[in-house]
Amino acid sequence: MILYLHGFASGPSSHKARVLSGRFAAMGVPLEIPDLTPGEDGFERSSPSSMLAIARAALARAAPPHAIIGSSLGGYLAALLASGGLGIERLFLMAPAFRLFERWEKRLGSGELERWRREGLETMHYASGRNRRIGWQFFEDARTLPAFPEVRVPTLCIAGRRDETVPLADIAEFVARSPSARLVEVDDGHELAGSLDLIFEEARAFLAPFTGPLPAR
């Protein structure tokens with residue numbers, strides 16, 4: 001299985017998910033793209049652990065080996081999954097959101113965090129196209145997770161030099177800690193919208209053990 005994990009406040013119909021799944025489908029290679037926050041109030045009640053449970057259930061439906069493509073929060077979740085084995089043999093991570101708890105804590109500060117605890121955190125939910133409030137359990141759960149999961153499987157990280165959400169330095173630190181990981185920098189922001197052609201070429205080469213040999217050019 002090649003599993004695709006979407007980012008925070010996103011969903012299976014995100015732009016990157018649609019582009020990459022379409023291009024892999026044209027090669028005869030399906031991507032499994034679960035909704036990590038399903039249901040009417042799934043986003044509001046979600047946490048990293050609830051998302052990991054959905055991803056684990058998806059992996060369990062197919063025999064290993066597995067590969068995971070992860071975007072932003074989905075990239076961080078992919079690394080957490082791989083640190084636990086589960087038959088995962090390759091990770092392709094786009095702007096993976098390492099240091100999840102630390103970045104939220106620094107970004108919001110004590111006042112906004114207290115408001116989040118009391119009222120929920122209002123944010124744009126891109127999958128539904130409206131503002132929604134995610135509960136405090138997301139932050140509390142993130143506190144328990146490692147900033148940089150220990151990953152030993154081959155990993156390719158794509159990161160933008162102009163990313164204002166996840167600093168390139170954080171992704172570079174993960175790669176420095178992970179002998180099996182490689183970093184490809186692109187001149188792009190967090191969404192990596194201008195780099196999708198390169199991303200697909202890198203992904204199909206890196207994931208060739210799961211997709212078959214590359215076609216002759």
Side-chain angles (χ1 to χ4, degrees), residues 2-34 36 55 66-82 88-100 103 107 123-127 129 148-149 151 153-178 180-217:
I2 301 180
L3 183 69
Y4 184 103
L5 301 181
H6 63 75
F8 180 76
S10 186
S13 61
S14 73
H15 182 58
K16 285 196 292 292
R18 287 186 287 106
V19 168
L20 292 178
S21 64
R23 294 189 183 186
F24 276 109
M27 297 171 56
V29 178
L31 302 186
E32 179 75 15
I33 312 177
L36 298 179
H66 306 304
I68 305 181
I69 300 173
S71 174
S72 191
L73 175 59
Y76 175 62
L77 298 176
L80 288 168
L81 290 165
I88 299 163
E89 295 190 0
R90 297 226 161 186
L91 296 179
F92 185 84
L93 310 181
M94 300 175 288
F98 297 116
R99 296 181 65 247
L100 177 65
R103 282 186 299 99
R107 172 187 164 192
T123 186
M124 169 55 71
H125 186 257
Y126 299 101
F148 297 102
V151 171
V153 302
T155 302
L156 181 59
C157 296
I158 307 290
R161 301 185 190 97
R162 295 183 280 110
D163 191 329
E164 296 182 353
T165 301
V166 180
L168 177 59
D170 287 354
I171 300 169
E173 182 171 347
F174 167 78
V175 170
R177 291 166 173 255
S178 309
S180 62
R182 178 167 64 93
L183 173 62
V184 174
E185 297 181 19
V186 294
D187 184 24
D188 211 338
H190 186 66
E191 296 301 320
L192 299 171
S195 305
L196 288 176
D197 288 342
L198 179 146
I199 285 170
F200 173 67
E201 292 300 325
E202 291 282 357
R204 73 175 192 145
F206 181 70
L207 299 176
F210 291 82
T211 64
L214 299 181
R217 288 192 176 275

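Here, residue 1 is the first one in the sequence, and each next residue gets the next number. This structure is a prediction, so every number in the text was calculated from the model and none was measured.
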Might you point out which heavy atoms bring L5 and A78 nearest each other, and give the distance in Å?
-> CD1-N, 4.0 Å

Give, for atom CG of L77 and atom CD1 of I68, the distance between the pair rounded to the nearest 0.5 Å.
-> 9.0 Å

CZ/F200: more than 12 non-hydrogen atoms of other groups inside 6.0 Å = yes

Got a second to check how far E191's CD is from S71's OG, nearest 0.5 Å?
-> 7.0 Å

When you measure from the side chain of H6 to the backbone N and O of L36, does any donor-acceptor pair fall under 3.5 Å?
-> yes

How close do L207 and A67 get, heavy atom to heavy atom, and via which atoms?
-> CD2-CB, 3.9 Å

Could you check if a side-chain atom of L3 sits within less than 4.5 angstrom of a side-chain atom of I88, using non-hydrogen atoms only?
-> no

Under 3.5 Å, side chain of S180 to main-chain N/O of V153, donor-acceptor pair present?
-> yes

Gap between atom CD1 of I69 and atom CZ of R90 - 0.5 Å precision | 12.5 Å

Just by distance, do the side chain of K16 and the backbone of L196 share a donor-acceptor pair under 3.5 Å?
-> no

Any side-chain heavy-atom pair of P12 and Y4 under 4.5 Å = no

Considering only distance and modelled atom types, tabulate donor-acceptor pairs under 3.5 Å from the side chains of residues 17-29, sequence neighbours left out.
{"from": "R18", "atom 1": "NE", "to": "S13", "atom 2": "O", "distance (Å)": "2.8"}
{"from": "S21", "atom 1": "OG", "to": "A17", "atom 2": "O", "distance (Å)": "2.7"}
{"from": "S21", "atom 1": "OG", "to": "R18", "atom 2": "O", "distance (Å)": "3.2"}
{"from": "R23", "atom 1": "NH1", "to": "D197", "atom 2": "OD1", "distance (Å)": "3.0"}
{"from": "R23", "atom 1": "NH2", "to": "D197", "atom 2": "OD1", "distance (Å)": "2.8"}

Does the side chain of P96 come within less than 4.5 Å of D170's, by heavy atoms?
-> no

So, does R103 use its side chain to make a donor-acceptor pair with the main chain of F98 at under 3.5 Å?
-> yes

Run the side-chain contact (heavy atoms from CB on, under 4.5 Å) check on E32 and H66 step by step: do they pass?
-> CA-CA 11 Å; E32 179 75 15; H66 306 304; over 6 Å; no

Atom of A79, atom of P149 and distance for their closest heavy-atom approach = O-CB, 3.7 Å

Taking atom CD1 of I171 and atom CZ of F148, what is their separation to the nearest 0.5 Å?
-> 9.5 Å

Side chains of residues 156-163: which donor-acceptor pairs under 3.5 Å do they make with residues two or more places apart or in other chains?
{"from": "R161", "atom 1": "NE", "to": "E185", "atom 2": "OE1", "distance (Å)": "3.2"}
{"from": "R162", "atom 1": "NE", "to": "D187", "atom 2": "OD1", "distance (Å)": "3.0"}
{"from": "R162", "atom 1": "NH2", "to": "D187", "atom 2": "O", "distance (Å)": "3.0"}
{"from": "D163", "atom 1": "OD1", "to": "T165", "atom 2": "N", "distance (Å)": "2.7"}
{"from": "D163", "atom 1": "OD1", "to": "V166", "atom 2": "N", "distance (Å)": "2.9"}
{"from": "D163", "atom 1": "OD1", "to": "H190", "atom 2": "ND1", "distance (Å)": "3.2"}
{"from": "D163", "atom 1": "OD2", "to": "H190", "atom 2": "ND1", "distance (Å)": "2.7"}

Nearest heavy-atom contact between A82 and L91 is CB-CD1, 3.6 Å

When rounded to the nearest 0.5 Å, the distance separating OG of S10 from CG of L73 is 10.0 Å

What's the verdict on side-chain contact (heavy atoms from CB on, under 4.5 Å) for F92 and I2, showing C-alpha distance, side-chain angles and the deciding distance?
-> CA-CA 10 Å; F92 185 84; I2 301 180; over 6 Å; no

